[in-house]
Amino acid sequence: VEDVVATLAEHGGLVALVALVLGDPCRLEAAAAASYRADSAMDEIVLAQDSGRKLRLHFYWADPASLAAPAAYDFFHSHRWHFASAVVLGKLRHGIARVSDNGDGVKAMRIQSWARSEDASGGQHKEEVMLKEEADVEVPAGLTYVMPRPVIHTITQRMAAAPGYQGCVTLMLTERTGDPYSWRYIPVGTSELQPRVEPVTPGFVAACLRLVQAGELPLHRPAEP
């Protein structure tokens, strides 16, 4: 998956794919149907998918209105699949953490399983753990990184805190691992925010794709038509 993403991002394949979607109303409708607003500061635009893989763009918006609202993805979390991601525009910044087995974690966290819409019957197992932050990583445009399924990270709050933050666009290819659950790590005593999935329109998807086509940073989230 890493080689596929790197090739698309570095050799003009992404621009060609974006043009293909923009030029075909059926593809644009399909992209909108599969895409969603993940939280106030991030949208996921799906370019292609099959039963085991999904290729999508993540737009992290820099405008104050998007960053002001609380976001469920501010919490540390893992994924139910592994992925490769290339930074297309801007810079990605994320924190990496691990569950401490010997109690040396600096934050007491609560662990909760959560499921996406297709796994609505998922469990709600919870327990208290110690979560230790290990790294604060910045990935510049043009680089690709791999995130194995068990890795715990957070993105949105780190992006917003970065000096001179101007938004970021990443190209991600996910590959299912067969595990239906992922995990969020919420500070004990902190109010839980459930990740929300809000639909987007073909017009909104087109506006996002035109940013990539023009090489423009995602400074402001486009208004829904």
Side-chain angles (χ1 to χ4, degrees), residues 1-39 42-60 72-73 77-90 92 94 96 113-122 137 139 141-156 168-184 195-202 204-206 208-213 218:
V1 294
E2 182 179 8
D3 291 342
V4 173
V5 170
T7 298
L8 276 173
E10 293 178 4
H11 298 290
L14 176 58
V15 173
L17 182 56
V18 163
L20 183 66
V21 175
L22 285 172
D24 185 335
C26 292
R27 291 181 186 272
L28 191 60
E29 289 277 357
S35 302
Y36 61 90
R37 187 179 192 185
D39 63 39
M42 194 266 275
D43 285 272
E44 176 183 305
I45 306 300
V46 177
L47 298 175
Q49 62 180 326
D50 59 23
S51 59
R53 297 177 178 85
K54 185 185 291 186
L55 181 68
R56 69 267 197 108
L57 289 163
H58 283 185
F59 289 80
Y60 298 93
Y73 287 91
H77 62 279
S78 64
H79 293 273
R80 59 193 178 101
W81 22 255
H82 62 264
F83 65 84
S85 182
V87 180
V88 178
L89 296 168
L92 180 80
H94 59 171
I96 305 293
S113 69
W114 58 281
R116 293 289 298 276
S117 58
E118 62 265 34
D119 302 314
S121 61
V137 182
V139 186
L143 290 188
T144 300
Y145 68 96
V146 174
M147 186 71 67
R149 191 195 69 79
V151 173
I152 303 165
H153 74 149
T154 183
I155 293 180
T156 307
C168 178
V169 179
T170 63
L171 177 67
M172 177 188 290
L173 178 62
T174 62
E175 189 170 43
R176 290 183 182 272
T177 60
D179 192 332
Y181 305 114
S182 52
W183 302 90
R184 290 192 298 155
R196 65 185 188 183
V197 176
E198 296 185 2
V200 295
T201 64
F204 175 79
V205 171
C208 292
L209 296 183
R210 289 190 189 102
L211 288 176
V212 174
Q213 201 173 39

(message) Once rounded to the nearest 0.5 Å, what's the spacing between atom CD of E44 and atom CZ of R37?
(response) 14.0 Å
(request) Can you see which heavy atom on P218 is nearest to which on L211, and at what distance? (result) CA-CD1, 4.3 Å
(request) Measure the OG1-CD distance between T201 and E29 for me, rounded to the nearest 0.5 Å. (result) 9.5 Å
(message) Treating H77 as the side-chain partner and T154 as the backbone partner, does any N or O pair qualify as donor plus acceptor under 3.5 Å?
(response) no
(message) Tell me if a side-chain donor or acceptor on T170 pairs with a main-chain N or O of V87 at a distance below 3.5 Å.
(response) no
(request) Apply side chain to side chain contact (heavy atoms under 4.5 Å, CB included) to L143 and list each qualifying residue two or more places apart in sequence or on a separate chain. (result) V139, P140
(request) Hey, could you give me the SG/CG distance between C168 and L89, rounded to the nearest 0.5 Å? (result) 8.0 Å
(request) For the residue pair V212 and L57, establish whether any side-chain heavy-atom pair is separated by less than 4.5 Å. (result) yes
Enumerate donor-acceptor pairs with a distance under 3.5 Å from any side-chain N or O in residues 15-28 to protein atoms, sequence neighbours excluded.
| unit_1 | atom_1 | unit_2 | atom_2 | d |
| --- | --- | --- | --- | --- |
| D24 | OD1 | C26 | N | 2.9 |
| D24 | OD1 | R27 | N | 3.4 |
| D24 | OD2 | R27 | NE | 3.4 |

(message) Between T174 and R56, does the side-chain contact (heavy atoms from CB on, under 4.5 Å) criterion hold? Intermediate values first, please.
(response) CA-CA 8 Å; T174 62; R56 69 267 197 108; 3.7 Å; yes
(message) To the nearest 0.5 Å, what is the distance between CD1 on I45 and CG on L171?
(response) 12.5 Å
(request) Flag the pair D43 / Y60 as yes when at least one side-chain heavy-atom distance between them is below 4.5 Å, and no otherwise. (result) no
(request) Enter the distance from S78:OG to R149:CZ here, rounded to the nearest 0.5 Å. (result) 6.0 Å
(request) Output the distance between atom CD1 (I155) and atom CE (M147), rounded to the nearest 0.5 Å. (result) 6.5 Å
(message) Does any part of the side chain of V46, heavy atoms only, come nearer than 4.5 Å to the side chain of V205, both counted from C-beta?
(response) no
(message) So, using side-chain hydrogen bond (donor to acceptor under 3.5 Å, both in side chains) as the criterion, who are the partners of E175 when residues are at least two apart?
(response) R53, H82
(request) Please tell me if the side chains of V200 and E198 come closer than 4.5 Å, counting only heavy atoms from C-beta onward. (result) no
(request) Check whether any side-chain heavy atom of F83 lies under 4.5 Å from a side-chain heavy atom of V5, and answer yes or no. (result) no
(message) My understanding is that only residues two or more places apart in sequence, or in another chain, count here; which of them pass ring pair (Phe, Tyr, Trp, His ring centres under 6.0 Å) with F59?
(response) W61
(message) Can you tell me if D3 has over 12 outside heavy atoms packed within less than 6.0 Å of its CG?
(response) no
(request) Quick one: list whatever passes side chain to side chain contact (heavy atoms under 4.5 Å, CB included) with A30, sequence neighbours left out. (result) none
(message) Within the 4.5 Å heavy-atom criterion, are H58 and L92 side-chain neighbours or not?
(response) no
